[in-house]
Amino acid sequence: MSANAWAVIGRGPRLLGQPLGRARSLCIGLTLLLGGGLAQGEAAPAGRDRAVHFATSIVCVVTPGATHRLTVELAETEQQRAVGLMERGSLAADSGMLFTYPVPQSPRGAFWMYRTRIPLDIAFIDSAGIIRSIRSMEPCASTIPQLCPIYPAGVVYQAALEVNRGYFARHGVEIGARVLAGQDGACPHS
């Protein structure tokens, strides 16, 4: 178990914030985090593109009208956050990546889309599991990292949830929605 995993174990779903048991999966990811790995404009060091292992978990996004279940890969370490979902050609409809941090991050913390192949939405989540900001991010086709736009959070956050572009809008997920960890693969009823 990771001490800084931003999820849940125990009976019943709770707000994110406690350690989570791990299920292993392999993925190669898509978004690089500024400050969490490469700085804007910095080339990936040799070996950075090798496969990185991510734990998987279920998260539940609770809106006033419904609860939505997502299978997510957990980016908990600096290396995992630097690789993210880089170079992936697609992302399953009800899946995503949850970037977690042991301490709150500055509103200036930003994600960028260098070497990204698919459009994404990102929700910045506070330490209580509440979505405080949502941004849409475009893939960057440039081979020059400095030409790729950055997407600052604009709020203090302790986790960031990336999903396919349009997922949040289709499911009525807005600022103020809660993010919970699923228990035994299930979400609470809304």
Side-chain angles (χ1 to χ4, degrees), residues 2 4-8 15-18 20 27 29-42 44 48 52 54-55 57 59-63 68 70 72-86 88 91 95-140 142 145-181:
S2 168
N4 66 355
W6 219 62
V8 169
L15 284 175
L16 297 176
Q18 298 178 8
L20 172 73
C27 85
L30 161 90
T31 302
L32 294 174
L33 174 66
L34 292 176
L38 302 180
Q40 182 181 11
E42 187 177 349
R48 187 65 74 125
V52 174
F54 294 91
S57 184
V59 296
C60 309
V61 180
V62 181
T63 66
H68 308 283
L70 289 165
V72 296
E73 294 164 296
L74 300 173
E76 303 171 284
T77 67
E78 186 174 322
Q79 180 186 20
Q80 289 169 329
R81 290 188 296 264
V83 172
L85 297 170
M86 182 189 306
R88 184 170 294 185
L91 189 59
S95 65
M97 180 164 280
L98 183 67
F99 295 78
T100 64
Y101 303 88
V103 297
Q105 302 297 297
S106 166
R108 292 177 297 183
F111 281 65
W112 69 337
M113 298 293 279
Y114 176 61
R115 297 174 68 180
T116 294
R117 295 183 180 181
I118 57 175
L120 297 171
D121 284 341
I122 186 168
F124 293 96
I125 305 163
D126 70 14
S127 61
I130 306 298
I131 295 175
R132 297 297 179 191
S133 175
I134 297 175
R135 305 283 311 260
S136 291
M137 304 186 297
E138 286 291 327
C140 180
S142 178
Q146 296 88 334
L147 297 180
C148 294
I150 61 170
Y151 300 89
V155 297
V156 173
Y157 65 99
Q158 198 156 352
L161 175 62
E162 289 183 339
V163 294
N164 285 306
R165 165 78 62 69
Y167 178 90
F168 293 136
R170 281 191 304 280
H171 293 90
V173 176
E174 298 176 345
I175 293 171
R178 294 183 312 146
V179 179
L180 307 170

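Owing to the predicted nature of the structure, the values given are computational and were not obtained by experimental measurement.
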Next item on the list: Check Ile118 against Thr116 and note the closest heavy-atom contact, atom names and distance.
Entry: O-CG2, 3.1 Å

Next item on the list: Compare every heavy atom of Glu76 with every heavy atom of Ala55, then report the nearest pair and how far apart it is.
Entry: CB-OE1, 4.4 Å

Checklist line | Exercise: identify the closest heavy-atom pair between Val155 and Ser133 | finding: CG2-CB, 3.7 Å

Check: Between the main-chain N or O of His68 and the side-chain N or O of His171, is there a donor-acceptor pair closer than 3.5 Å?
Finding: no

Item checked: Beyond-backbone contact of Met113 with Pro119, side-chain heavy atoms, under 4.5 angstrom -> no

Check: Can you check whether Phe124 and Tyr151 have ring centres sitting under 6.0 Å from each other?
Finding: no

Check: Which is it for Val163 and Val173 under the side-chain contact (heavy atoms from CB on, under 4.5 Å) test, yes or no, and what are the steps along the way?
Finding: CA-CA 12 Å; Val163 294; Val173 176; over 6 Å; no

Margin query: Are Tyr167 and Leu70 packed together at the side-chain level, in the sense that at least one heavy-atom pair is separated by less than 4.5 angstrom?
Written below: yes

Notebook entry, point to check: Can you find a pair of side-chain heavy atoms, one from Arg108 and one from Pro152, that are under 4.5 Å apart?
Noted result: no

Next item on the list: Grab the two heavy atoms, one from Ile150 and one from Trp112, that are nearest each other, plus how far apart they are.
Entry: CG2-CB, 3.9 Å

Notebook entry, point to check: Can you check side-chain contact (heavy atoms from CB on, under 4.5 Å) on Thr77 and Val52, steps first, answer last?
Noted result: CA-CA 11 Å; Thr77 67; Val52 174; 6.0 Å; no

Notebook entry, point to check: Of the non-hydrogen atoms in Arg165 and Ser136, which two are nearest, and what is the gap between them?
Noted result: NE-CB, 3.4 Å

Notebook entry, point to check: Hey, does the side chain of Arg132 reach the backbone of Val156 with a donor-acceptor pair shorter than 3.5 angstrom?
Noted result: no

Next item on the list: Taking all heavy atoms of Cys60 and all of Ala181, pick out the closest pair and write down the distance.
Entry: SG-C, 4.4 Å

Margin query: I want to check something: taking the side chain as every heavy atom from C-beta on, are Leu120 and Leu91 in contact at a cut-off of under 4.5 Å?
Written below: yes

Notebook entry, point to check: Do the ring planes of Tyr157 and Phe111 sit parallel (below 30°), tilted (30 to 60°) or perpendicular (above 60°)?
Noted result: tilted

